Amino acid sequence: MNRIRIIASLGLLLCTSAIQAQTLNFNLTGTITPGVCRFTTADVDLGTFATTSFTAIGSTTTFVDVPITSSGCDPLVTSIHMRVTGNADAANTNLFRGVTGIGIQLQRTTGAVAIVPAGTTLDFSPVTSGNTYNFRARFMRSATTMAAGSVSSPITINVTYN
């Protein structure tokens, strides 16, 4: 009986020494991004003017505000980029298309005042009070020959941030 115990104990001892061990390592990954912002703007009527109001190339009308409003921006948003696109005036590519000889000048007024031609990307810090990025627009004579007509000039602003 003692022999059986010794053999059984020896068998258990041999079995436990045959157990293999392994260590596993792994990484957990992910990304935390800032939340979203919402941007809105409305159509803008620049007014009605006679062609005689434009006495020379460079003549303009008064500016009309074009506010772009942001809301719901996550506090972690640190930079905003606006790419402005649209059809350029045939005579002056710094203007957007209006009618023959009269284009539309767009300016940014948040930060340094600057003319915004089609294809421009503007960089902004997030607005902390008022939640508005200010632009303004007006008609400007661009050529010696002018035409009358209705103007509908779509301008697209593609907003990206962070």
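Remember, it's a predicted structure, so these values are computed and weren't measured experimentally. For this chain, numbers begin at 1 and follow the sequence in order.
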Check whether F63 forms a cation-pi arrangement with R136 (NZ or CZ under 6.0 Å from the six-membered ring centre, at most 45° off the ring normal). yes

So D65 and N134, side-chain contact (heavy atoms from CB on, under 4.5 Å) or not? Walk me through it. CA-CA 7 Å; D65 291 334; N134 295 305; over 6 Å; no

Interatomic spacing from [atom1] in [X] to [atom2] in [Y] - rounded to 0.5 Å:
X    : Y    : atom1 : atom2 : value
F39  : I68  : CZ    : CD1   : 9.0 Å
Q107 : T109 : CD    : OG1   : 8.0 Å
T60  : I104 : OG1   : CD1   : 13.5 Å
D123 : M82  : CG    : CE    : 10.5 Å

Step by step, would you call I115 with Q105 a side-chain contact (heavy atoms from CB on, under 4.5 Å)? CA-CA 7 Å; I115 295 171; Q105 184 183 58; 3.3 Å; yes

Any link between [X] and [Y] through a network of hydrophobic side chains (Ile, Leu, Val, Met, Phe, Trp, Tyr) touching at under 4.5 Å?
X   : Y    : value
V99 : V44  : yes
I57 : F139 : no
I80 : V84  : yes

Test side chain to side chain contact (heavy atoms under 4.5 Å, CB included) applied to A118 - qualifying residues, sequence neighbours left out: F96

Go through it in stages, so that I can follow the logic: the residues are V64 and L46, the test is side-chain contact (heavy atoms from CB on, under 4.5 Å), and I'd like the CA-CA distance, side-chain angles, deciding distance and then a yes or no. CA-CA 6 Å; V64 177; L46 296 179; 3.9 Å; yes

Could you check whether any side-chain heavy atom of Y161 comes within less than 4.5 Å of a side-chain heavy atom of F124, counting everything from C-beta outward? no

Heavy-atom check, side chain of F135 versus side chain of L122, under 4.5 Å: yes

Side-chain donor or acceptor of Y133 paired with backbone N/O of T69 under 3.5 Å: no

List the atom of D74, the atom of C37, and the distance in Å for their closest heavy-atom pair. N-SG, 4.5 Å

Suppose the criterion is side-chain hydrogen bond (donor to acceptor under 3.5 Å, both in side chains): which pairs have a residue in residues 40-54, not counting sequence neighbours? none

Return a table of donor-acceptor pairs under 3.5 angstrom between the side chains of residues 140-160 and protein atoms on other chains or two or more places apart.
unit_1	atom_1	unit_2	atom_2	d
R141	NE	A143	O	2.9
R141	NH1	F54	O	2.7
R141	NH2	T144	O	2.7
S142	OG	D89	OD1	3.4
S142	OG	D89	OD2	2.8
S142	OG	G101	O	3.3
S153	OG	R97	O	2.9

Pair R83-T121, side-chain donor/acceptor within less than 3.5 Å: yes

